[in-house]
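What follows is one structure encoded as structure tokens, with my remarks underneath.
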There are 2 protein chains.
Amino acid sequence: MVDQIDGRGLGGGNSVEMAAIFAALSNPARIDILRHIACHNDCGCKDITDVLPLAQSTVSQHIKVLVEANILRTEAIHPRSRYVINEDVLKDLAEVTNTFLGSCCKETWC
Amino acid sequence: MVDQIDGRGLGGGNSVEMAAIFAALSNPARIDILRHIACHNDCGCKDITDVLPLAQSTVSQHIKVLVEANILRTEAIHPRSRYVINEDVLKDLAEVTNTFLGSCCKETWC
DNA sequence: TACATCCATCGTATAAATACGATGAATGTG
DNA sequence: CACATTCATCGTATTTATACGATGGATGTA
């Protein structure tokens with residue numbers, strides 16, 4: 001238990017935070033939801049439910065996970081909720097992921 | 001259920017495969033394990049167990065998940081098992097992640 | 001040979017994730 | 001106003017993940 005590392009910030013994101021984002025992306029339905037939102041403007045829960053083989057409540061729950069992970073933003077327009085991808089977060093995520101994955105064992109983390 | 005997308009390949013990786021890799025990275029202990037292996041050559045299960053607040057069996061189980069996701073490779077040298085990061089896989093992953101995250105809604109997937 | 005070290009696996013307990021239907025709130029439409 | 005649409009939430013059932021101790025196999029060392 002010496003030289004413990006369990007979760008402290010290294011090279012742009014601690015383990016717990018990184019794992020949380022990856023966890024939000026760790027479900028195929030959520031990947032599909034992100035893709036659908038990315039490809040279709042003004043997209044609500046119903047639109048996604050029409051396209052995925054899942055119940056509306058399940059889709060809503062997946063969306064909640066993505067919102068809580070700050071990957072999606074809600075814009076409650078009119079009667080419906082519209083979801084927008086938080087591009088800033090995804091850019092950061094792409095960078096952190098790149099740093100983490102690409103530079104395997106540079107002095108960055110050590 | 002028209003225009004269904006549930007998991008078919010789009011822009012460099014289908015949803016199920018992508019989710020599987022993210023799932024392998026969705027645990028803080030596994031992030032720490034990857035970091036430790038990346039930073040220390042000739043690294044075995046015991047070395048990681050010494051550094052994380054987890055039982056040896058738990059660490060071994062996490063390693064198994066990473067190996068099955070093809071993120072780690074096992075090199076059974078001498079008495080011990082040594083784990084090596086599969087850099088090719090991580091490079092691909094970084095690229096797919098970048099494509100997926102960075103190019104939110106280019107014609108790539110649509 | 002006897003013993004220690006390293007590691008994978010098994011069995012198990014507990015917690016978390018996933019999915020569904022039912023329900024109700026909020027907002028449009030006839 | 002009555003009704004439909006959209007969505008979030010609740011309760012629940014089932015599956016999966018996480019963690020541990022115990023055990024045994026394989027390999028070094030005395």
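Scope of the values below: all heavy atoms of this structure, side chains included, with no hydrogens, waters or symmetry mates. We name chains A, B, ... by the order of the sequence lines, and we start the count at 1 in each one.
Minimum atom distance to the side chain of A:Q61 is reached by C:dA19, of the listed D:dT9, C:dA8, C:dA19. Across D:dC20, D:dA8, C:dT18, the shortest atom-to-atom separation from the side chain of B:T58 is found for D:dC20. Nearest to the side chain of B:S57, among C:dT18, D:dC20, C:dC7, sits D:dC20. Considering only the side chain of B:K46, C:dC6 comes nearest among C:dC6, C:dA19, C:dA8. The side chain of B:N27 has D:dT18 as its nearest neighbour among D:dT9, D:dC20, D:dT18. Taking only side-chain atoms of A:L54, from C-beta outward, the nucleotide of D:dT6, C:dT9, C:dC20 with the closest atom is C:dC20.
In the hydrophobic clustering of this structure, A:I48 groups with A:V67; members are Ile, Leu, Val, Met, Phe, Trp, Tyr whose side-chain heavy atoms approach within less than 4.5 Å, directly or through other members.
Rounded to whole Å, the distance from CZ on A:R82 to C1' on C:dT27 is 13 Å. For the pair B:I63 CD1 and C:dA8 C1', the interatomic distance rounds to 10 Å; values are reported in whole Å. Taking atom NE2 of A:H62 as the reference point, atom C1' of D:dC7 lies 16 Å away to the nearest angstrom. Atom CG of B:L66 and atom P of C:dC7 are 15 Å apart (whole Å). If you take CG of A:L72 and C1' of D:dA8, they are 15 Å apart, rounded to a whole angstrom. Between B:K64 atom NZ and D:dT18 atom C1' the separation is 14 Å, expressed in whole Å. Counting to the nearest Å, the P atom of D:dT5 and the CD1 atom of A:I48 are 19 Å from each other. Distance A:E75 CD to D:dC7 P: 14 Å, rounded to the nearest Å.
Here the rule is side chain to side chain contact (heavy atoms under 4.5 Å, CB included) with A:S15, and of B:I31, B:L34, B:I33, B:N27 only B:I31 fits it.
Remark: B:R30 is in phosphate contact with D:dT18, judged by side-chain N or O atoms under 4.0 Å from OP1 or OP2. Between B:S60 and the phosphate of C:dC7, there is no side-chain N or O to OP1/OP2 separation shorter than 4.0 Å. For the pair A:Y83 and D:dT6, the criterion of a side-chain N or O lying under 4.0 Å from OP1 or OP2 is not met.
When each of B:Q56 and A:A23 is assigned the nucleotide of DNA chain C bearing its nearest heavy atom, the one mapping closer to the 5' terminus is B:Q56.
A:H36 places no side-chain N or O within 3.5 Å of a backbone atom of A:D32 that could act as its donor or acceptor partner. Put simply, the side chain of A:D50 never gets that close to the backbone of A:D47: no donor and acceptor are under 3.5 Å apart.
Counted by atom type alone, B:R82 and B:T74 present zero donor-acceptor pairs between their side chains at under 3.5 Å.
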